[in-house]
Amino acid sequence: MGGKIKTWRRRWFHLDPTRRVLAYYGDQAQTKLKGVIYFQAIEEVWYDPGRVAGKSPNPRLTFCLKTYERLFWLVAPSAEALRIWMDAVLTLTRAGGSF
């Protein structure tokens, strides 16, 4: 979901464990960088379908990353992808000393 304009936009994500960032793009070829989420800036990661029921097009596949500056609502393409992404983000965030 957008930061300034609260509409859902399709984004493609690239997790870079070496640089400890999650970059997101406006295109599948990853040529239009839209932003970067630094793992040291992540304060919380949560999954709560009831909390996002009115916000998400698919609450069961939605999780949230809370940084110092904003909330990032992400919708995974499947339940398996949701588990993989949450596990990767939580692992890298905890490895950096946050939480």
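Position 1 is the first residue of the sequence, and the numbers go up from there.
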Does any part of the side chain of [Y], heavy atoms only, come nearer than 4.5 Å to the side chain of [X], both counted from C-beta?
X: F13; Y: L74; result: yes
X: W85; Y: L22; result: yes
X: F39; Y: L15; result: yes

Distance check, rounded to the nearest 0.5 Å: [X] atom [atom1] versus [Y] atom [atom2]?
X: W12; Y: Q28; atom1: CH2; atom2: CD; result: 6.0 Å
X: L65; Y: W73; atom1: CG; atom2: CH2; result: 10.0 Å
X: I37; Y: R20; atom1: CD1; atom2: CZ; result: 13.5 Å
X: E44; Y: T93; atom1: CD; atom2: OG1; result: 11.5 Å
X: Q40; Y: T67; atom1: CD; atom2: OG1; result: 11.0 Å

Please report the shortest heavy-atom distance between W8 and P57, naming the atom on each side.
CE2-CD, 3.3 Å

Walk me through it: do L82 and M86 pass the test side-chain contact (heavy atoms from CB on, under 4.5 Å)?
CA-CA 6 Å; L82 172 71; M86 283 198 68; 4.1 Å; yes

Linked, directly or transitively: L33 and F72 (ILVMFWY side chains, under 4.5 Å):
no

Counting heavy atoms not belonging to Y38, are there more than 12 under 6.0 Å from its OH?
no

